[in-house]
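One structure is given below, encoded as structure tokens.
All values reported here derive from a predicted model rather than from experimental measurement. First the proteins, then the strands, lettered A, B, ... as listed; each starts at 1.
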Amino acid sequence: MNSIKRYVQYSKLNLCIVLSKGILIGFVLGTLTIHLFASSSQYMSIKNDLSQHPIVYQTDEPIHLKTKRSRILCWITTSPKTHLRAQLIKDTWGRRCDKLLFMSSTQDDTLPDAIVLPSTVNDTYENLWGKTQEALKYLYLHHLDDAEWFYKADDDTYAIIENMRYLLSEFDASSALHLGFKYKNPGVQQGFMSGGSGYVLTKEAIARFVKIGLPKLNSSNISENANVDLCVSGSKGLEDLNLGSCLEILNVTAGDSRDDNKKERFLPLSLENMICGHLNNTDNNFLQQWAFYPLKPGIDCCSPYAVSFHYVEDYELKVYEYLIYGLRLYERNTKS
Amino acid sequence: MTSMRYRRFLIGFVLGILTTLLLLKPPTSVFLFYTSNQIIDEDLTRAILPVSPHLQQVSSLSEKLNFKRDRILCWVITSPKTHSRAKLIKQTWGRRCDKLLFMSSIQDDTLPEAIPLPVNDTYANLWGKTQEALKYLYRHHLDDADWFYKADDDTYAVMENMRHLLSSFNASMPLHLGFKYEHPKVRHGFMSGGSGYVLTKEAIRRFVEKSQESIGNFTSGKQCVLDHEGAEDLNLGICLEELNVTAGDSRDENKVERFLPWSLEDMICGHLKNPGFWYLREFSYFPLKQDMDCCSPYAVAFHYVKDYQLKVYEYLIYGLRIYNN
């Protein structure tokens, strides 16, 4: 009798053990499976959230990067004739900058908040260098604490600020640095950055330019140490070349902005030219000849993480906004 | 005794799984992954996440289980002068079609997919050429696909989004899809030729068989005429209506158009800059929306993408990535 009782008790215990083993294994397996798929499906759930709105993809702020204190101030050189473009930039990529300024020579209804630079400058292409000097001085005097990075663009530039943040995260914002599409030039050993696709300057780069680079004549209230004609003489000449030359004298590093595969991120010619220029355009030779780093033809010209495009004029800015941020690919399975 | 143990184990196992579900609350997308044929792994390729620069090849469960997938045959109207555009299409979006043909009027060794149709290759003869093309498809390719997408050689199509659109329709029905215009001669509207249109097998079959038995027009007294002159898209729409081919609604869930017949710049900003925009507004079958709302995030085709612009679109849509960690 006892042995039977003990047998029964023993087998009950056995079954309990088996039961708990089952629960344990079920739990572990379930957890693993969910984690496995959660890591790939978290992409899906993020995407699903964002695709709620079929209208322009509205996520503008990667907050985490902001807290890393890497704010970008975008300053756009524009002019009264092209204030419409400035407005379109405001409506599209400009709103992804931490701060957005328009450097013009007047304010009007289209652009009531344009920064009117001192009227020493005639708003023409020839005087662009003069205008740039004024703009940098303005930034130095009023906005140096508003950002860590200062991105200059034309009003026919389209920039992808998320990719800009990605690029800049690899550099030190406290150093003296400028980034952009690098051209070579016999007078500038480290190369200069193309004005068209825009360039990025650090605080330190701007400070050195304004305090030391600008002639004492123009900046008498800023610095006692400024050397006349150190690297700036007058307002004429090629803005980007002159700036690059000046920054070299001031020991501001000309960084390499290409991606891990050595593909350019700042694109100074129209996308059509960058991708197919070698096929149809003899002017493309200029780019080939003067690019600091060897250029690749075809779609390899341009990084998947491209940061800016040039010659995107007027309403085309909205087309880029739609194609880059509005359009989605419904991807069900493979085979392309 | 052993069976009791197994039973207990099983009970325990199930309890364990249930516990994880209750405690960990997995995202519902995990279940979507398994329960649905249509996996919404939307634009992992365009992801705002750092991924490889190449088109993300996501293998869905359905693919692995070899679910049947509707095939799309793309036939692109081209001409001897614009074979270069055809080649660019071949290198870009054309390769995402299950089958790609070019309807031309000459043979070209550098473009083997060009079908030399017996027509005078001018814009005025486009209707005649379209009829020849449909006849050709009927005779040689009706079994090669479930859907037949016609495009011009300045059209850029997004095939993934095309498949998504077509998945909500029945390929065995007589149906045509595209950007719908209204016209007094076509009660249910006709599809714009520019952004292209999709026909089912049945639609093509009805058209070709009827035109083979007709001379001049389908039914005397009615509107469909087969003479070679005239607007291709309007005429096709008239004829298909007479054949009871349904003119479908290709807009997305938010009633936003997916086939875009004018240049993107005009679609988005036409109301701001283009005096001819009134035409689109007047004659579009469905009410048009302005600005970015004009165009679905799941747009299927763009028009007036000429020559090397095709490569620019390819880069912007498939090459570019937006980083957001």
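- The CD atom of A:E272 sits 9.5 Å away from atom CG of B:L310, with the distance rounded to the nearest 0.5 Å.
- One distance of note links CD1 of A:I23 with CZ of B:F9; it measures 10.5 Å at 0.5 Å rounding.
- Not counting sequence neighbours, the partners of B:L73 by the side chain to side chain contact (heavy atoms under 4.5 Å, CB included) test are B:W75, B:K99, B:L101, B:L137, B:H141, B:D144, B:A145, B:F148.
- Environment of OH in B:Y304: sparse, with no more than 12 heavy atoms of neighbouring residues, nucleotides or ligands closer than 6.0 Å.
- Among B:I268, B:L272, B:D266, the single residue meeting the side chain to side chain contact (heavy atoms under 4.5 Å, CB included) criterion with A:Y315 is B:L272.
- The shortest non-hydrogen separation linking B:Y323 to A:E162 is O-CB, 3.0 Å.
- Heavy atoms of other residues, nucleotides or ligands lying less than 6.0 angstrom from NZ of A:K21 number 12 at most.
- Counting all heavy atoms, side chain and backbone alike, B:N161 lies closest to A:Y330 at OD1-N, 2.7 Å.
- The shortest heavy-atom contact between B:S296 and A:L327 is O-CD1, 4.2 Å.
- Of the atoms belonging to A:L19, heavy atoms from both backbone and side chain fall under 4.5 Å from chain B.
- The side-chain hydrogen bond (donor to acceptor under 3.5 Å, both in side chains) search around A:D108 returns A:H83, not counting sequence neighbours.
- Contact of A:S270 with chain B is not made at all, since no heavy-atom distance falls under 4.5 Å.
- Within the 4.5 angstrom heavy-atom criterion, only side-chain atoms of B:V158, from C-beta onward, approach chain A.
- Taken from SG in A:C276 to CG in B:L88, the straight-line distance is 6.5 Å, to the nearest 0.5 Å.
- For the atom pair B:L320 CG and A:I160 CD1, the distance stands at 4.0 Å (nearest 0.5 Å).
- The minimum heavy-atom distance linking B:E314 with A:I299 is given by the pair CG-CD1, 4.1 Å.
- Looking at every heavy atom in both residues, A:P304 comes nearest to B:G319 through CB-O, 3.4 Å.
- Interatomic distance, CG of A:L323 versus OH of B:Y313, reported as 5.0 Å (0.5 Å rounding).
- Nearest approach of A:L329 to B:Y298, heavy atoms of both residues: C-CE2, 4.5 Å.
- Interface remark: B:D291 contributes side-chain atoms only to the contact with chain A (heavy atom separation under 4.5 Å).
- With rounding to the nearest 0.5 angstrom, the OG1 atom of A:T92 is 7.5 Å from the CE atom of B:M292.
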